[in-house]
Chemist: 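Below you will find the structure I want to go over with you.
Fair warning: this is a prediction, and the values are worked out from it, not measured in the lab.
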Amino acid sequence: MPIANAYESDFEIVIHVQPIVDIWRQKLLGLESTIKGKYQGNLVNAQPLFSRAVQSGRVKELDYEARKQSILQVVPKLREEERLFVNIAAQSLESSEDWFEEDVPYHKIVLEITEQKPIKATSGLIRKIDNLRAKGMKIAIDDYGVGFNNMLLISRLKPDFIKVNRTIVVEGDIPTLEGIISYCRKANTLLIAEGVETLQQREMLINLGVRYMQGFLFGYPVPSDDYTAGTVTL
């Protein structure tokens with residue numbers, strides 16, 4: 001489908017999904033959606049797509065279209081308790097425009113917020129998040145432990161999930177993981193460890209009490225058209 005008014009008319013968005021698993025219950029928690037662009041038969045990663053959109057002043061349109069298509073394509077494939085994790089760009093967070101179509105199934109969606117640049121926890125932003133949460137949507141802070149994540153924003157947003165940046169997991173940084181786990185328990189927030197690629201990392205996280213995980217060990221991102229419910233390695 002063309003990325004109308006968001007990138008170039010001769011590109012298409014290709015939605016990919018990657019599983020997020022519940023190790024304790026041995027089942028799928030949900031799927032995170034990401035995008036690639038397709039041009040003349042070749043796939044283009046999300047980063048250059050968004051960089052080009054930023055340069056042309058169209059990042060909000062691309063960001064909106066990515067969420068819209070993710071919801072349309074993936075939500076129908078989710079089973080009863082599963083949710084779709086979708087990302088939102090910092091530029092969209094700062095906008096007064098709507099982030100979703102009005103009739104989306106809010107109860108099936110987790111909105112992932114990543115601080116690619118500092119985000120102010122304004123009353124307008126908090127009010128918008130609270131309105132979505134009242135409709136059944138969950139909130140996640142992505143890439144926690146690196147970048148611009150700040151405790152004031154997290155304190156005011158009160159996220160349902162915190163996703164630990166993959167670097168912390170890959171490097172086996174146990175003291176940092178223990179600190180984040182402790183904070184999540186005190187804040188009554190669920191922790192998801194990203195970047196789990198080996199059985200050794202999986203066992204390390206289990207020993208630390210981590211329940212939710214995401215990474216190549218459980219499945220690579222695949223086009224949503226190719227995803228079949230239940231095809232997850234646990």
Side-chain angles (χ1 to χ4, degrees), residues 15-36 43-51 66 70 82-90 110-119 138-151 153-154 157 159-187 189-224 226-227 231-234:
I15 303 300
H16 284 61
V17 294
Q18 185 179 30
I20 302 171
V21 302
D22 180 342
I23 289 295
W24 293 3
R25 298 176 66 189
Q26 289 291 290
K27 63 188 299 184
L28 193 68
L29 172 67
L31 298 168
E32 179 182 1
S33 69
T34 57
I35 70 165
K36 291 187 178 182
L43 288 178
V44 180
N45 288 329
Q47 185 173 349
L49 275 178
F50 275 95
S51 295
S70 295
E82 298 168 357
R83 286 181 178 256
L84 173 64
F85 288 65
V86 296
N87 294 276
I88 185 167
V110 180
L111 182 63
E112 290 196 20
I113 297 172
T114 303
E115 288 193 87
Q116 301 103 331
K117 63 178 186 176
I119 297 171
K138 300 289 188 182
I139 305 299
I141 295 292
D142 193 19
D143 280 338
Y144 184 79
V146 299
F148 296 101
N149 294 119
N150 69 79
M151 297 309 296
L153 178 68
I154 292 172
L157 286 181
D160 303 281
F161 300 93
I162 284 180
K163 301 183 75 177
V164 179
N165 181 267
R166 66 180 307 279
T167 302
I168 297 171
V169 174
V170 171
E171 293 182 354
D173 188 346
I174 291 179
T176 298
L177 283 167
E178 288 177 333
I180 297 172
I181 291 167
S182 176
Y183 172 79
C184 287
R185 287 173 177 163
K186 292 175 182 177
T189 297
L190 301 176
L191 181 146
I192 300 172
E194 297 183 296
V196 184
E197 300 178 358
T198 68
L199 289 173
Q200 290 79 7
Q201 291 166 353
R202 178 182 182 272
E203 291 307 306
M204 172 190 72
L205 293 165
I206 288 175
N207 291 336
L208 289 171
V210 176
R211 176 174 179 175
Y212 302 107
M213 304 182 196
Q214 179 180 359
F216 295 159
L217 181 65
F218 310 107
Y220 286 82
V222 297
S224 62
D226 297 340
Y227 174 75
T231 56
V232 178
T233 302
L234 292 169

Chemist: Distance check, rounded to the nearest 0.5 Å: Ile113 atom CD1 versus Ile141 atom CD1?
Modeler: 5.0 Å
Chemist: Within a strict 4.5 Å, meaning less than it, do heavy atoms of the Glu194 and Asp143 side chains meet?
Modeler: yes
Chemist: Is there a side-chain contact (heavy atoms from CB on, under 4.5 Å) between Val110 and Val86 once you walk through the steps?
Modeler: CA-CA 6 Å; Val110 180; Val86 296; over 6 Å; no
Chemist: State, with a plain yes or no, whether a side-chain heavy atom of Glu112 is found less than 4.5 Å away from one of Ile139.
Modeler: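 In short, these two side chains do not touch, never coming nearer than 4.5 Å.
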Chemist: Please round to the nearest 0.5 Å and tell me the distance separating atom CZ of Arg185 and atom CG of Leu191.
Modeler: 9.5 Å
Chemist: What are the two closest heavy atoms between Val169 and Ala193, and how far apart are they?
Modeler: CG2-CB, 4.0 Å
Chemist: So Thr34 and Gln18, do their side chains get closer than 4.5 Å, heavy atoms only?
Modeler: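 Counting from C-beta outward, Gln18 and Thr34 never come under 4.5 Å.
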Chemist: So how far is it from Glu203 CD to Thr198 OG1, rounded to the nearest 0.5 Å?
Modeler: 9.5 Å
Chemist: Look at the rings of Tyr212 and Phe161 and say which category their plane angle falls in: under 30° parallel, 30 to 60° tilted, over 60° perpendicular.
Modeler: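 Ring orientation of Tyr212 relative to Phe161: perpendicular.
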Chemist: Can you name the residues that form a side chain to side chain contact (heavy atoms under 4.5 Å, CB included) with Ala66, not counting sequence neighbours?
Modeler: Ile35
Chemist: Are any of the side-chain heavy atoms of Leu217 and Arg202 separated by less than 4.5 Å?
Modeler: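 In short, these two side chains touch, coming nearer than 4.5 Å.
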Chemist: Which heavy atom in Trp24 sits nearest to a heavy atom in Val210, and how many Å separate them?
Modeler: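 Minimum heavy-atom contact is NE1-O, 3.8 Å.
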Chemist: Just how far is it from atom OG of Ser182 to atom CG of Leu208, taken to the nearest 0.5 Å?
Modeler: 12.0 Å
Chemist: I'd like to check Lys27 versus Glu82 (side-chain heavy atoms, cut-off strictly below 4.5 Å). Are they in contact?
Modeler: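 No; the side chains remain at least 4.5 Å from each other.
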Chemist: Do Val164 and Leu177 have side chains that approach each other closer than 4.5 Å (heavy atoms only, starting at C-beta)?
Modeler: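 In contact.
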Chemist: Are Glu32 and Val17 side-chain neighbours, meaning at least one heavy-atom pair lies under 4.5 Å?
Modeler: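 Heavy-atom side-chain distance check fails, nothing below 4.5 Å.
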Chemist: Over all heavy atoms of both residues, which pair between Ser33 and Leu84 is shortest? Give the atoms and the distance, please.
Modeler: CB-CD1, 3.9 Å
Chemist: Answer yes or no: is there a side-chain heavy-atom contact under 4.5 Å between Tyr144 and Lys163?
Modeler: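 They are not in side-chain contact.
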Chemist: Which atom names give the shortest non-hydrogen contact between Pro159 and Thr189, and what distance separates them?
Modeler: O-OG1, 3.1 Å
Chemist: Between Arg166 and Glu197 (salt bridge meaning N to carboxylate O under 4.0 Å), is one present in this structure?
Modeler: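 Result for this pair is yes, salt bridge flagged.
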Chemist: Could you give the distance from CD1 (Ile162) to CD1 (Ile154), rounded to the nearest 0.5 Å?
Modeler: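 So the gap between those two atoms works out to 4.5 Å.
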Chemist: Working to the nearest 0.5 Å, report the span between CD1 of Ile174 and CD1 of Ile181.
Modeler: 9.5 Å
Chemist: For residues Pro19 and Phe218, report the shortest heavy-atom separation together with the two atoms involved.
Modeler: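 Closest approach of Pro19 to Phe218: CG-O, 3.4 Å.
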